[in-house]
Peer 1: 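Here you go, one structure.
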Amino acid sequence: MASSCIASPGAALCRPRRPRCCRVACSAADSNSGSAEPGWLLAGRKNAGRLACGVLAAWTIASASNPVIAAGQRLPPLSTEPNRCERAFVGNTIGQANGVYDKPLDLRFCDYTNEKTNLKGKSLAAALMSDAKFDGADMSEVVMSKAYAVGASFKGTDFTNAVIDRVNFEKADLTGAIFKNTVLSGSTFKDAKMDDVVFEDTIIGYIDLQKLCTNTSISADSRLELGCR
């Protein structure tokens, strides 16, 4: 007896907007001729094959119907809440470590330039920060877990004593940012501008350090401060 489950090539993930194109074909061929295996073993294998088909079919449908899984990074529409930018001054009060929130913090395109008071010590778990401006802001002691800061500007931002965990800083401008005594874990800095960044007493794991050191915009002094080889 042979049991196989085959998903049409690329269909499960390539076209999330048209779930109908995703097909799962499950086939089971049963041939008892010349088989020395007992009936109960053959039945068990047949049931196992059916179970595998069911699991694959469920996974395919879920992937097709979930745009985040199917298409990679897809952000929700920009919030139309009139005071959405001011919500950063309150922050998120739950889910600091895992990015769970009662209401999303949509800070995209907001301007917090030279904000010296209202962001300090806030929790910005899972905040959407892409294309926002935090230049010269005091963000010391903030807790940023799983925040999305692609393309945001943090020129001269003070992150002293902050917890920066699993934040996406891809293509962000961090020129002159201060990471003094900052926990910097699991975050990505691909193509980010990091000239003159201060890394004094930064707390960072070895693997994260190796990834950070691949950013060629980090100055020689900062690389020495980090311990880049």
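Being a predicted model, the structure only gives us computed values, none of them experimental.
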Peer 1: Is it possible for you to say whether I178 and Y112 belong to one hydrophobic cluster, with membership spreading through side-chain heavy-atom contacts below 4.5 Å?
Peer 2: no
Peer 1: Can you measure from CE (M194) to OG1 (T216) and round to the nearest 0.5 angstrom?
Peer 2: 11.0 Å
Peer 1: Output the distance between atom CD1 (I203) and atom CG (D208), rounded to the nearest 0.5 Å.
Peer 2: 12.5 Å
Peer 1: When you look at NZ of K116, are more than 12 heavy atoms from neighbouring residues, nucleotides or ligands closer to it than 6.0 Å?
Peer 2: yes
Peer 1: Between CE of M139 and OG1 of T157, what distance do you get to the nearest 0.5 Å?
Peer 2: 7.0 Å
Peer 1: Check ring-ring contact (aromatic ring centres under 6.0 Å, His included) between F199 and all other residues, then give those that pass, not counting sequence neighbours.
Peer 2: F179
Peer 1: Donor-acceptor pair, distance only, cut-off 3.5 Å: does the side chain of E115 make one with the backbone of T117?
Peer 2: yes
Peer 1: Is there a side-chain contact (heavy atoms from CB on, under 4.5 Å) between E170 and V150? Walk through the geometry before answering.
Peer 2: CA-CA 5 Å; E170 183 176 349; V150 173; 4.1 Å; yes
Peer 1: What's the shortest heavy-atom distance between V197 and L174, and which atoms?
Peer 2: CG2-O, 3.1 Å
Peer 1: Measure the NZ-CZ distance between K146 and R166 for me, rounded to the nearest 0.5 Å.
Peer 2: 5.0 Å
Peer 1: Inspect the surroundings of NZ in K122 and state if more than 12 heavy atoms from other residues, nucleotides or ligands are less than 6.0 Å away.
Peer 2: yes
Peer 1: For F169, which residues count as a ring-ring contact (aromatic ring centres under 6.0 Å, His included) partner, sequence neighbours excluded?
Peer 2: F154, F189
Peer 1: Under 4.5 Å between side-chain heavy atoms, counting indirect links through other Ile/Leu/Val/Met/Phe/Trp/Tyr residues: same cluster for F159 and L209 or not?
Peer 2: yes
Peer 1: Which pairs count as side-chain hydrogen bond (donor to acceptor under 3.5 Å, both in side chains) when at least one residue sits in residues 175-184, sequence neighbours excluded?
Peer 2: N161-N181, D173-T175
Peer 1: State, yes or no, whether a side-chain contact exists between L75 and S130 at a heavy-atom distance under 4.5 Å.
Peer 2: yes
Peer 1: Kindly indicate whether the side chain of R108, heavy atoms from C-beta on, has any atom under 4.5 Å from the side chain of D131.
Peer 2: no
Peer 1: Rest of the hydrophobic cluster containing L78 (Ile/Leu/Val/Met/Phe/Trp/Tyr, side-chain heavy atoms under 4.5 Å)?
Peer 2: F109
Peer 1: Can you name the nearest heavy-atom pair linking A172 to A149, along with the distance?
Peer 2: CB-O, 3.7 Å
Peer 1: Can you hop from L105 to F89 via hydrophobic side chains spaced under 4.5 Å?
Peer 2: yes
Peer 1: Once side-chain hydrogen bond (donor to acceptor under 3.5 Å, both in side chains) is applied, what residue pairs with a partner in residues 217-229 remain, sequence neighbours excluded?
Peer 2: N215-S217, S219-S222
Peer 1: Can you check side chain to side chain donor-acceptor pair (under 3.5 Å) on N92 and S123, steps first, answer last?
Peer 2: CA-CA 5 Å; N92 238 328; S123 172; over 6 Å; no
Peer 1: Would you say that M129 contacts V167 through its side chain, given a criterion of any heavy-atom pair below 4.5 Å between the two side chains?
Peer 2: no
Peer 1: Could you tell me which residues satisfy side-chain contact (heavy atoms from CB on, under 4.5 Å) with D191, sequence neighbours excluded, listed by chain and number?
Peer 2: K171
Peer 1: If you look at every heavy atom in A88 and L119, which pair is closest and at what distance?
Peer 2: CB-CD2, 3.9 Å
Peer 1: Rounded to the nearest 0.5 Å, what separation is found between the NZ atom of K155 and the CG atom of D196?
Peer 2: 12.5 Å
Peer 1: How long is the gap from CD on Q210 to CD1 on I204, to the nearest 0.5 Å?
Peer 2: 9.0 Å
Peer 1: Mind checking whether L128 and S79 have side chains closer than 4.5 Å, heavy atoms only?
Peer 2: no
